[in-house]
Every structure is written in C-alpha cells, then in structure tokens.
Amino acid sequence: RGRNNRNNDLWAYAAALYDSGRMTAGQFGQVGRVLTNDSSCYYATEAQKAAKGFIAGYNHDQSTWTWVAGRDELKTSEPLGDSAFRKAFLEQSLTKPSDKDVAFDTEADPSETPILLRVCSGCTRTHKKIYYRRLTPVPSDINLLNDILYYRDNRAGNRWNTDFTLHSTYEDAQVGANPWGCPNNAFNYGAPFYGECSPTGDRVREQYSIFNWDHGRRDVAYYVNTPEGTGVEELDLDAPTTARFEGFTDVDLGSPSIEGKTFIMEPKNKRRALVEGEGGPIIVTGSGHDIWGEHDAGHFLSQPWSGDIDVSVHLSDFNGVVNTWAKAGIMLRSDNSNNAVHVFGFLSGGYGALLGARRSTGQYSTHGGNWYQTDPIQKSSWIRLTKIGDHVKCFFKNNEEEDWMLKGSMDLRFPEDTYRVGLAVTSHHNSYVSEVIFEDFSVEQYNSPTFSPTISSAPTVWEPLIEIGGGRAGTLTYYQDSDISKYRAYGTGIWGTSDSFFYDNRQKQLDDGAFDVITYIKYFHTGYEWAKGGIMIRDTNDPDSAHAFLGVRGNYVGVTFQTRATAGATTDHHQTNFVPNHKTWIRLSKPADSGTITAYYKIAEADEWMEMGSADIAFTGSSVYVGTAVTPGEPSGNGSVQLETIGYEVIDATR
C-alpha cells in the first residue's frame, strides 16, 4: 500500500518508503525519473526502444503472405485500395474461390475461402495472430478492408459466423477447424475485427485496433494469403527488375498529405502493362487538394516523350471518391513540378469527363471543350489524347465498340516539344486517397498523314471549340438532362474588321440545302456594354471572316443582328430590339441557293417569329461554321462573360 492508501502504484509505494524514512530524497528522485504516468506508458516504451535501437516488426513468409495494411511500426505505405485488395484477396489468394461472385461452397471444398491475417505485436499471446476466414462473396457496395481498419459497427456483408470465422492457425483457417467462440455467442462489433472473442470463447478485452485512433492496439498489420510478387505488387522503380524503365517516374505532384502509389496487377507482365498496353491493369492511388488552379496536388506515373503522340487508356474503376471533383486520367506534362504546363483528359468523381489544361507555368488552369456526361454519371470511361505539333485533341467513349467522340481541343506548347506522358490521379481531398484502375494503357508516336506536294494552301482544320482571334480559353459545360449549355468566354469583341471571341461551332455543308439555327438565351451575365452572346453562321474561323451574328448584348440593351459581308470588311449593325432580362428565342435562316441570312427573334416559345432584317454574306467554301459565339467585348482580353442557352439546334429547312 502506497501513499494515501493507493494500491498497484509504484510511485505511491516509493513515496510511502520516502515518507517513512526508508528511502532518501535522492533515491526517491531517481525513482521518479524512471517511472511514468499510466497514460504515458506507450510513449515511454517507444522512447526506450528508440534509445536502444529497437523497432517493432514482423517478418512474414513471402511465399504465402502479401502485406495489405499496417500502422505505426508495421506501416510500410498506405493501405491497399478496394480494387487492389479485392484482386489480391479474392482472385490471387492461395485459397481463392472458384467464383468470387457466387456463394462459396465450403462443404464441397472448405479450402476455397480467402484468408486475412492480422498481426499485433502488443496484443495478448492468443491474439498476436488472428486468421480471418472469408465465407461469402464480398458485396460490391462495401469496402471490406476499409471497414475492418476504420469502423466499429455491425455492417451487412461482414458479420461473424455468416461472412467470416476467426482462427488461431493458418492450418485451421484453411479448412475451418477450431473456430473461435464469443461470450454468449455474441460478437461485439464495438471491438472491431475480433469482437472480444477468443479460442476458448471467453471474453478478452482491449485487443482491437482502429487505424485512425491513437488508443487501442498499435503496431498492427494485415496480410492476405497471396504469395508476394505473384499478386498485386507496388511499383518500385528503384528495384533492379525495373532498370529497363529508364526515365519513368512515379511521384506525387505538390505535397499531398498522403503519399500516392502505383500497383501492377500482374507483376510478371510489368513491361507489357507500362509500355505495351497489354499486360494487365495498373492501379494508381492519389491524394491531394486538386489538379487545378495555379498549383497541383496528386499522383503522376509518367515517362518522357517528344514530338507527336497518340495515347489512350480504359479507366475501368474509380474508387475512394469523397469529392465529386476527384479526377483521374491521361496527362501530358512539361515536368513534375506542381505548377507545370499540362493537358489532362480526365474523368471526374461526379460531373463526367472533360479536358483541362495549364497553358503556361503557374497560370490558372482552364477547361477546353464539352463535358462528356451520361445519365447516371459514368464511373468509367475510355480516354484518348492526341498531340500534333502544338495542338491537342481529347476524345472519350463509354464502350469499347463505340467510335471515339471529340470533346475538346486546345493549343499549348511544351519547351523543345519534350514532355512527360502518363496517368494522373487526385482525390480533391488532402485527407483521403482515391484509387483508379487503368487498363489497356497505350502510348504511341502519332504519325500525321503526308500528302503529295502541292502549291495550294493547306486545308483549314476545324475545331469544335476555338478562341477566334486568340486570347484566353473559354469553357463549355453541357447538362444533358436539362439541355442547358453554360459558357464562360473571354475576348475583345465581335465588331470592326476582326473578332475575338469563344466559338462553339460545327461544320455545315452548303450542299445540304437550306437550314435554320435556333436557340433560347436563358441567362447572360456581364458588366461589359459590348459583351455579346448568341448564334453565328461564319465563312471561316479566321478573325476577319465574313459572318452573320444574332444575340443579346451587354447592359440589357437587347437582341442585336449584325453582319460582316466579306472577309476583312467592316461589321454592319442592322437592328437592336429590347428584350426583358436578356431572355429571348433567336433564329438565323439561310436559303439553299444564296448567302442571304435572315434574323428572327421572339420572347416566348409560343410567339410568332419577328424578323429583324436580312444581309448577304460571301461564303467562299463548300461549308460554313455554325454555332454559339460569346465575348465580353473587354479591351484587355481578361474580362469574362457567362451565357446559358437551351435547345440549341440546326434544322434542315425546305426553302
């Protein structure tokens, strides 16, 4: 019994010896410097281990086990994501089921049950090793490893004696012998993984570990019974076996709080996966606040490249999405610095697929092209980038048998035409990791077709989204369910002898006959008087091209019809009529046999069209460019304008 009648307290006992004169003050002080408070025991132990050069560890049998998660001294990297874990646990396990998606027939073959081993260096003897035997398929809507590591509740899909049993040895777990019991035959889900159960069925407390908690057991790791090197394997570019991947890097962009990783599903086919696009899936994980703005944070697996390129990949699975702006896809990047020039064809966590870019070092990012969205929003996609000279195009599709759909393009220049090409992932949340499976990753030199020498000019290349007259890149977001197109545009104006604006356009063959271009202006937000947004029929995409424009103008002036009759001529204003709140239906009509363009508008859909005038336009080719034109008309080129339209269509007519 110690001072103040305290029991089981060494410091109180030493104090009682000092109080009774049986310990000197110096001896009592020395004892006080050695003893520690109850709550500081772990830290005192760690300090002594460090002083003596000891570390906690576990040398697992690599012919049987592969590490999948760990904490404290047993942590080698971040835990495997759901896809990588499922692959290792259900498809590559030494006791894998014949069909991972149907009920396991444990009576016919008790060995077809994947096994998860938990190792705990500080647990009581009977709980240092626990073997988890899986009895049922893992439901697609749960992240089993994540649930085991972080949660303490009775979740469907991971219930004791239904979905799993616990065992003391690997041999028992293989055949289901000697399963553990639980007090009153009840698993305590508040003590995750082991449920206060034991080999005898007696209650054993405080043997759980929750990976994002400081209390509970530390120095814990999990392994699946998949031989190391035969299943999912982390890419190590410093290993001797990867020496042939000269120039490859596997790095974090910026400084994410959680390190990203790359895993190869079939390590023996590593070169085919990384270089030839035929060696099985690649798993890339990434944290980070975003790949956007002036600085990026995420993960980037890449190789050096120069010249033109054609690169494609199938993004087949996107897990760990905690933010709808998580991104994953193909990137061309000048270097691995966090503010580098790049172009990024990506699938987002909740908005569909898009092309993004940073055109100069440290510049704010921009979008280039249309959103590619399905209903519901796609969780996988095929992505392709081509670069010819300084021009990059982005294509998407949802099924392998579909044709590639061009959804964005832009111009940007890499110094000396050298850059890096690879796979990039960001979770858009610095405390979480997103995991992506990439398949059929293909990188090839793009060989532009060559033509016989000719004295004629090269044909003009059509671009669906273009900044006429140069300037900052505009953006377009299309919402399929509502048929709304949202534009943000820059440019100095549509007027005079040369234009500067954002143009969402399509080619229309003149021999198709008469046609109408129609849309409804739903919203136009600007503080610039000469801002314009509406529809256009244009001879070429040169800045001084002949054209007809009909749309709304800034400061709520109304709907305006203007034309440029020939290339380089001065723009003519024909008529402006007031419409309330920039809301109006507009229509441009072209007959089959002439270049006369007639403009119409109306306020409500049921109203009759009101004519605003006609003008002759000199169309010089076999096709014209038809679409939506938007500009803020701001002289510096840095101002922007927002436009929303509904129901845009080009209709063949019979005039």
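No experiment lies behind these values; they were computed from the predicted model shown. Quick note: numbers below take in every heavy atom, side chains included, and nothing from hydrogens, waters or symmetry partners.
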(message) Leu354 vs Phe346, test: side-chain contact (heavy atoms from CB on, under 4.5 Å). Steps then yes/no.
(response) CA-CA 6 Å; Leu354 189 62; Phe346 64 85; 3.9 Å; yes

(message) Ignoring hydrogens and geometry beyond distance, is a side-chain donor-acceptor pair present between Asp147 and Asn158 at under 3.5 Å?
(response) no

(request) Check for a donor-acceptor pair, side chain of Asp252 on one end and backbone N or O of Gly260 on the other, with a separation under 3.5 Å. (result) yes

(request) Measure across Thr426 and His289 and return the closest heavy-atom pair with its distance rounded to 0.1 Å. (result) OG1-C, 4.2 Å

(message) Tell me whether the count of non-hydrogen atoms from other residues, nucleotides or ligands lying under 6.0 Å of CD in Gln30 goes above 12.
(response) no

(request) Mind checking the CD1-CG spacing from Ile291 to Leu253? Nearest 0.5 Å is all I need. (result) 6.0 Å

(request) Mark yes or no for whether Ser287, through its side chain, and Val433, through its backbone, hold a donor-acceptor pair below 3.5 Å. (result) no

(message) To the closest 0.5 Å, what do you measure between CG (Asn212) and OG (Ser431)?
(response) 11.0 Å

(message) Quick one, Trp382 and Ser312 - any side-chain contact, counting heavy atoms below 4.5 Å?
(response) no

(message) Surrounding CZ of Phe28 (heavy atoms of other residues, nucleotides or ligands, distance under 6.0 Å), is the total greater than 12?
(response) yes

(request) Can you see which heavy atom on Ser434 is nearest to which on Phe318, and at what distance? (result) CB-CE2, 4.0 Å

(message) Within the structure provided, determine whether Phe344 and Arg358 are in side-chain contact (heavy-atom separation under 4.5 Å).
(response) no

(message) Determine whether Tyr58 and Lys128 satisfy the following criterion, side-chain hydrogen bond (donor to acceptor under 3.5 Å, both in side chains), listing intermediate values before the conclusion.
(response) CA-CA 11 Å; Tyr58 178 68; Lys128 285 186 178 294; over 6 Å; no

(message) For the aromatic rings, using the six-membered ring if either is Trp, is the centroid distance between Trp65 and Tyr170 under 6.0 Å?
(response) yes

(message) Between Lys327 and Asp290, does any side-chain N to carboxylate O distance fall below 4.0 Å?
(response) yes

(message) In the structure I gave you, are the side-chain heavy atoms of Val220 and Phe211 within less than 4.5 Å of one another anywhere?
(response) yes

(request) Kindly give the heavy-atom pair with the smallest separation between Ile383 and Leu315, and that separation in Å. (result) CD1-CD1, 4.3 Å

(message) For Gly190, is there any backbone N or O sitting under 3.5 Å from a side-chain donor or acceptor partner on Asn188?
(response) yes

(message) What's the separation between atom CH2 in Trp325 and atom OG in Ser427, rounded to the nearest 0.5 Å?
(response) 15.0 Å

(request) Check step by step if side-chain hydrogen bond (donor to acceptor under 3.5 Å, both in side chains) holds for Gln174 and Thr95. (result) CA-CA 7 Å; Gln174 286 178 290; Thr95 54; over 6 Å; no

(message) Under the salt bridge (charged side-chain N to carboxylate O under 4.0 Å, His left out) definition, can you give me all pairs with a residue in residues 177-202, not counting sequence neighbours?
(response) Glu196-Arg203, Glu196-Arg205

(request) With sequence neighbours excluded, tell me which residues meet salt bridge (Lys or Arg N to Asp or Glu O under 4.0 Å) with Asp153. (result) Arg155

(request) Check whether any side-chain N or O of Asp72 sits under 3.5 Å from a backbone N or O of Leu74 as a donor-acceptor pair, and report yes or no. (result) no

(message) How long is the straight-line distance from OG of Ser381 back to NZ of Lys379, given to the nearest 0.5 Å?
(response) 12.5 Å

(request) Ignoring hydrogens and angles, tell me if any N or O in the side chain of Arg217 forms a donor-acceptor pair with the backbone of Gly122 under 3.5 Å. (result) yes

(request) Evaluate the side-chain proximity of Trp160 to Tyr189: yes if any heavy-atom separation is below 4.5 Å, no if none is. (result) yes

(request) Verify, without hydrogens or angle tests, whether Thr66 (side chain) and Thr226 (backbone) share a donor-acceptor contact under 3.5 angstrom. (result) yes

(message) Could you tell me if the side chain of Tyr132 sits less than 4.5 Å from the side chain of Leu144, heavy atoms only?
(response) yes

(message) Tell me if a side-chain donor or acceptor on Asp219 pairs with a main-chain N or O of Glu73 at a distance below 3.5 Å.
(response) yes

(request) Go through Arg384 and Val311 one step at a time and tell me if the side-chain contact (heavy atoms from CB on, under 4.5 Å) criterion holds. (result) CA-CA 6 Å; Arg384 178 186 176 200; Val311 54; over 6 Å; no

(request) With side-chain contact (heavy atoms from CB on, under 4.5 Å) as the test, would you mind laying out the steps for Tyr131 and Asp172 before giving the verdict? (result) CA-CA 9 Å; Tyr131 296 84; Asp172 283 352; over 6 Å; no

(message) Is there a side-chain contact between Glu112 and Phe104 in this structure, where contact means two heavy atoms from C-beta onward sitting under 4.5 Å apart?
(response) no

(request) Check Glu234, Glu435, His299 against Lys261 for a side chain to side chain donor-acceptor pair (under 3.5 Å) and give me the one that passes. (result) Glu234

(request) Work out which heavy atom in Val443 is nearest to a heavy atom in Trp305; give both atom names and the distance. (result) CG1-CZ3, 3.5 Å

(request) State the NE2-CZ distance between His314 and Phe441, to the nearest 0.5 angstrom. (result) 14.5 Å

(request) Decide whether a cation-pi geometry holds between Arg134 and Phe89; the criteria are a distance under 6.0 Å from NZ or CZ to the six-membered ring centre and an angle within 45° of the ring axis. (result) no

(message) When you measure from the side chain of Trp67 to the backbone of Ala69, do you find a donor-acceptor pair of N or O atoms at a distance under 3.5 Å?
(response) yes

(message) If you apply the rule side-chain hydrogen bond (donor to acceptor under 3.5 Å, both in side chains), what do you find for Arg333 with Ser302, and how did you get there?
(response) CA-CA 9 Å; Arg333 192 176 185 93; Ser302 68; over 6 Å; no

(message) Measuring from atom CG of Asn5 to atom CZ of Arg3, what distance do you get when rounded to the nearest 0.5 angstrom?
(response) 12.0 Å

(message) Quick one, Ile283 with Ile437, criterion side-chain contact (heavy atoms from CB on, under 4.5 Å). Give me CA distance, side-chain angles, the key distance, then yes/no.
(response) CA-CA 5 Å; Ile283 299 175; Ile437 296 182; 4.0 Å; yes

(message) Are Pro79 and Val68 packed together at the side-chain level, in the sense that at least one heavy-atom pair is separated by less than 4.5 angstrom?
(response) no

(message) Restricting to non-hydrogen atoms, name the atom on Phe396 and the atom on Ala353 that form the minimum distance, rounded to 0.1 Å.
(response) CE2-CB, 3.4 Å

(message) Donor-acceptor check, side chain of His127 to backbone of Cys197, threshold 3.5 angstrom: yes or no?
(response) yes

(message) How close do Gly157 and Pro139 get, counting heavy atoms only, and between which atoms?
(response) CA-CG, 4.0 Å

(request) Determine yes or no for a side-chain-to-main-chain donor-acceptor pair under 3.5 angstrom, with Asn323 supplying the side chain and His429 the backbone. (result) no

(message) Can you tell me if Asn399 has over 12 outside heavy atoms packed within less than 6.0 Å of its CG?
(response) yes

(message) Between the side chains of Glu78 and Lys75, is the shortest nitrogen-to-carboxylate-oxygen separation below 4.0 Å, so that they form an ion pair?
(response) yes

(message) Could you check whether any side-chain heavy atom of Ile148 comes within less than 4.5 Å of a side-chain heavy atom of Leu116, counting everything from C-beta outward?
(response) yes

(request) Say whether Asn225 and Thr64, considering side chains only, have a donor N or O and an acceptor N or O under 3.5 Å apart. (result) no

